Amino acid sequence: MIRLLIAVVMGVFLWIENPVNAYAEGISGEVVQAIESIENIDLMRSELAKSLENATEPPTMETFKEVCRPVGMRLKEVGAENGWQVKQIAQKYRNPAHAPQTLHETMAIAKFEQNPDLIGFWEQENLKGEPGIHYYRRINVSKSCLACHGVKNTRPEFIAEKYPQDLAFDFKEGDLRGVYSVFIPELKKALENKTP
Ligand code: HEC
């Protein structure tokens, strides 16, 4: 009985001391941070798209370009700032760099397709042999996106010119447009946590 008690006390002690738990806390903090960063960027896109929709002046080339490109740039910055791999993925993509690259990514898109109420999820994943947490967040089409992702021949001219392989049109309001993808590597963070 005493031995059991000692074992339990030791177990709790070891559990508290266990660096894996400290690491798990670190990573969940990072997931929260990733969620927040993505929400802010998504909001930025909605506002940019809405401002275009509500504009009284007819849109120029430049205003038309300034919706999804800044989003891509901001995602890259957030990735570099945090040591994450951050991007967008889509089955019907405009920029070929946004095609899904792994089976996990393809499956994440399918999961959002099948579950229209699913907003986001994260899972443990190995990316090119590197363990980490992968956070995925859905991107839906709203009315203000249709100016550039709606009926094919109503797309602004620069899109057809710049993206000859474009697949990102003929969407309807409420469709799944794509997915934000944030990979938070484990190894690097675990090593960082060890340094005082
Ligand atoms: C002014 C035109 C325009 C509007 C409006 C617009 N987009 Fe885009 N979108 C683009 C362009 C151009 C790209 C390709 C950017 C690049 O090269 O990375 C793109 C790319 C994307 C991508 C990345 C995947 C891909 O296909 O390459 C997503 C996701 C996306 N748009 C979602 C949206 C959503 C959601 C809205 C509405 C809130 C929206 N877009 C409104 C022009 C637009």
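Note that this is a predicted model, so its numbers are computed, not measured. In listed order, ligands and their atoms are each counted from 1. For the numbers below, each heavy atom of this structure counts, side chains included, while hydrogens, waters and symmetry mates do not.
- With a 4.5 Å cut-off on side-chain heavy atoms, K92 and H149 do not count as touching.
- Across all non-hydrogen atoms, the minimal contact from R177 to A90 is O-CB, 3.6 Å.
- K87 and E105 are joined by a salt bridge, as a carboxylate oxygen and a charged side-chain nitrogen come within less than 4.0 angstrom of each other.
- Atoms of ligand 1 found under 4.0 Å from any heavy atom of N95, numbered from 1 in the order shown, are 16 (C), 17 (O), 18 (O), 25 (C), 27 (O).
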Using side-chain contact (heavy atoms from CB on, under 4.5 Å), reason through D42 and V71 one step at a time and then give a plain yes or no.
CA-CA 8 Å; D42 192 64; V71 169; over 6 Å; no
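- The closest approach between Y163 and ligand 1 falls below 4.0 Å for a heavy atom of the residue.
- The ligand atoms of ligand 1 that sit less than 4.0 angstrom from a heavy atom of L52 are 1 (C).
- When non-hydrogen atoms are compared, ligand 1 lies under 4.0 Å from the side chain of H149 (C-beta onward) but not from its backbone.
- Between Y135 and Y180, the ring centre distance reaches or exceeds 6.0 Å.
- Residue R69 places every heavy atom at 4.0 Å or more from ligand 1.
- No N or O atom of S144 sits closer than 3.5 Å to an N or O atom of ligand 1.
- For K111 and F121, the positive end sits near the middle of the six-membered ring, less than 6.0 Å away and at most 45° from its axis.
- Distances from ligand 1 to the non-hydrogen atoms of G178 include no value under 4.0 Å.
- Counting heavy atoms under 4.0 Å from ligand 1, residue N140 touches it through the backbone alone.
- With ligand atoms numbered from 1 in the order given, ligand 1 contributes 22 (C), 23 (C), 28 (C), 29 (C) to contacts under 4.0 Å with heavy atoms of Q88.
- Looking at R74 and E77, a side-chain N of the basic residue comes within less than 4.0 Å of a carboxylate O on the acidic one, giving a salt bridge.
- A donor-acceptor pair is defined here as one N or O able to donate and one able to accept, closer than 3.5 Å; such a pair exists between the side chain of R138 and the backbone of L118.
- Geometrically, ligand 1 and S142 share no nitrogen or oxygen pair separated by less than 3.5 Å.
- For H98, every heavy-atom contact with ligand 1 shorter than 4.0 Å involves the side chain, none the backbone.
- Atoms of ligand 1 lying under 4.0 Å from at least one heavy atom of I139, given by number and element, are 29 (C), 35 (C).
- For ligand 1, the polar-atom distance check finds an N/O of R94 within less than 3.5 Å of one of the ligand's N/O atoms.
- Atom 8 (Fe) of ligand 1 has no N, O or S atom of C145 closer than 2.8 Å.
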Going through the distances and angles, do R155 and D166 end up as a salt bridge (Lys or Arg N to Asp or Glu O under 4.0 Å)?
CA-CA 11 Å; R155 291 170 304 165; D166 187 21; 2.8 Å; yes
